[in-house]
Visitor: 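Before we start, here is the structure in question, set down as structure tokens.
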Amino acid sequence: MTPEQQLEHLIGDASEVHTREELLAKLKLGRPLRIKYGADPSAPDLHLGHSVPMMRLRRFQELGHQVIFIIGDFTGRIGDPSGRSRTRPMLSQEQIKRNAETFAAQAGKILDISACEIRYNSEWLDGLGSDGLIKLASRYTVARMLERDDFSRRMAAETPISIVEFLYPLVQAYDSVAVAADVEVGGTDQLFNFLVARDIMRSYDMEPQVAATWTLLVGTDGTEKMSKSLGNYVGIAEAPAEMFGKLMSISDDILPHYYALLTDVGFDGAERIDRQIQSRELHPMEAKKRLARIIVERYHGAEAAAQAQAEFEAVFSRGELPSEMPEHRVAACDLEDGRAWIVRLVTDCGAASSNSEARRLIRGGGVRLNDERIDDETANVEVSTGDILQVGKRYFAKIVVE
RNA sequence: GGAGGGAUGCCCGAGUCUGGUCAAUGGGAGCAGACUGUAAAUCUGCCGGCGAAUGCCUACGGGGGUUCGAAUCCUCCUCCCUCCA
């Protein structure tokens with residue numbers, strides 16, 4: 001590949017790059033570039049949102065560049081303001097260590113983790129000292145800090161902004177100095193931080209890193225960005241069936257968005273699929289199944305993906321029972337004349353978190369025993385081994401009396 | 001340092017002047033049901049906990065108080081915001 005082709009391959013689908021010219025110049029040097037990616041020390045469960053920049057990192061890696069993961073253990077102790085309206089909880093050192101290990105294990109599903117450099121930023125930040133920190137802070141101004149959209153929004157909304165939040169971009173910028181980053185990649189929410197890093201690097205007489213950001217993946221709810229705390233995520237480590245199901249439940253509207261960011265078809269391919277759907281050549285459900293198949297395959301292999309699809313079609317299209325169901329054991333001595341209170345049954349098997357919730361589900365008609373709806377919350381139902389308890393569309397359990 | 005405003009359920013936000021009828025109006029999110037393609041849209045119900053139930057417990061930033069009774073009144077504390085310096 002020529003440097004120009006490499007450029008296109010690497011950042012062709014990025015939403016912002018500062019600057020393409022600089023990256024091209026760096027690629028022409030012919031040496032392995034140092035590609036920085038800041039790993040969140042508080043989110044050990046990676047989801048598809050994380051996979052977007054990571055898939056791009058893999059491309060860098062395939063072209064012989066050096067990927068550097070920065071575990072923000074130091075910054076994790078401060079709390080990260082990026083794109084959120086609330087400061088994060090602080091984490092303990094052991095917690096961070098454990099998270100970093102899960103991170104590496106999960107990231108390894110996307111790229112070659114053994115070829116990555118994994119660094120903790122406490123390595124250089126602990127030794128910085130208060131004078132070092134103040135000197136670092138003197139390299140930037142409050143006015144420039146306030147340019148950040150998140151800060152101005154929070155000022156307007158009268159929500160507090162802590163001073164440490166001003167420090168965070170600086171410290172993160174210092175990471176780039178410490179590892180001599182050539183390129184930093186991440187989501188668009190990181191753009192501000194990346195650009196601060198460019199300024200800070202310049203002030204250290206270093207060549208500024210190239211900042212490349214990709215659109216944030218929208219969550220399964222179709223509106224907010226994918227995040228664990230919003231519960232709209234598909235985890236990389238999730239079981240094939242879960243993954244497949246979650247992907248099938250996304251809104252049609254975001255289907256092209258998912259294709260573009262999560263598969264190799266690219267923006268053009270995603271657009272083509274969208275056109276086929278518009279012209280009714282392709283059923284949206286079919287397009288969604290293909291997408292789910294591709295993604296499950298990436299994390300679990302072709303066989304598991306095929307199985308997940310078959311299972312999905314059986315359970316949700318044809319209304320059959322799942323091939324595997326968790327067993328719910330009931331002690332015979334807890335039964336009266338072979339009967340159990342339906343509310344207890346639903347709560348005990350874990351389908352409801354409280355009796356009140358179980359009552360609601362029952363009243364709402366969401367509970368079935370052997371395919372028969374039970375809507376009386378006071379019912380004492382006869383149970384025996386092999387009975388199937390269903391709560392909502394997705395929860396099934398096989399009852400075992402012992 | 002001074003002056004003023006505020007803190008309510010997952011989130012937003014009424015209620016506070018004129019104490020009880022407040023588990024607390026309304027919206028959003030969420031859950032279940034109907035319709036479907038486990039899509040969207042729409043419609044219906046639910047939406048603190050425990051109880052078969054009259055009911056009981058916990059909850060309106062925290063403590064103390066007034067009262068038969070407090071989200072609502074008094075008091076101290078904590079935190080946030082705005083303006084001035």
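Convention: sequence-line order gives letters A, B, ...; per-chain numbering from 1.
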Visitor: Rounding to an integer number of angstrom, what distance separates B:rG15 and B:rA23 when you compare their C1' atoms?
Guide: 14 Å
Visitor: Can you measure A:R344 atom CZ to B:rA52 atom P for me and round it to whole angstrom units?
Guide: 9 Å
Visitor: Taking atom P of B:rC12 as reference, at what distance in whole Å does atom CD of A:E224 sit?
Guide: 14 Å
Visitor: Please figure out whether A:S353 or A:E242 has its closest RNA chain B nucleotide nearer the 5' end.
Guide: A:E242
Visitor: Quick one: A:K289 NZ to B:rG37 P, roughly how many Å, whole number?
Guide: 11 Å
Visitor: May I ask you to evaluate whether A:S356 reaches the phosphate of B:rC50, defined as a side-chain N or O under 4.0 Å from OP1 or OP2?
Guide: yes
Visitor: How close or far is atom P of B:rC10 from atom NZ of A:K228, stated in whole angstroms?
Guide: 20 Å
Visitor: I need the CZ-C1' distance between A:R318 and B:rU36, as an integer number of Å.
Guide: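 So the two atoms are 18 Å apart, to the nearest Å.
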Visitor: Using a 6.0 Å distance limit plus a 45 degree cone around the ring axis, check whether A:R272 lies over the aromatic ring of A:Y259.
Guide: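 Pair A:R272/A:Y259 does not count as cation-pi.
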Visitor: Rounding to an integer number of Å, can you tell me how far A:I362 CD1 sits from B:rG51 P?
Guide: 12 Å
Visitor: Starting at atom CZ of A:F316, determine the distance to atom P of B:rU36, rounded to an integer number of angstrom.
Guide: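 Whole-Å distance recorded here is 17 Å.
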Visitor: Send over the distance from A:N355 CG to B:rA52 C1', rounded to a whole Å.
Guide: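 From A:N355 CG to B:rA52 C1': 13 Å.
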Visitor: Quick one: pull up OG in A:S176 and CZ in A:R34 and give me the separation to the nearest 0.5 Å.
Guide: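 The distance works out to 11.0 Å.
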Visitor: With nearest nucleotides of RNA chain B determined for A:F244 and A:S354 from heavy-atom distances, which residue corresponds to the more 5′ nucleotide?
Guide: A:F244
Visitor: Hey, can you pull the residues of residues 246-259 of chain A with a non-hydrogen atom under 4.0 angstrom from RNA chain B?
Guide: A:S249, A:I250, A:S251, A:D252
Visitor: For nucleotides 28-33 of chain B, give me every protein contact, N/O to N/O, under 3.5 Å, one pair per line with atom names.
Guide:
residue : atom : partner : partner atom : Å
B:rA32  : O2'  : A:G364  : O            : 3.2
B:rA32  : O2'  : A:G366  : N            : 3.3
B:rG33  : O4'  : A:G364  : O            : 3.3
B:rG33  : O3'  : A:R373  : NH2          : 3.1

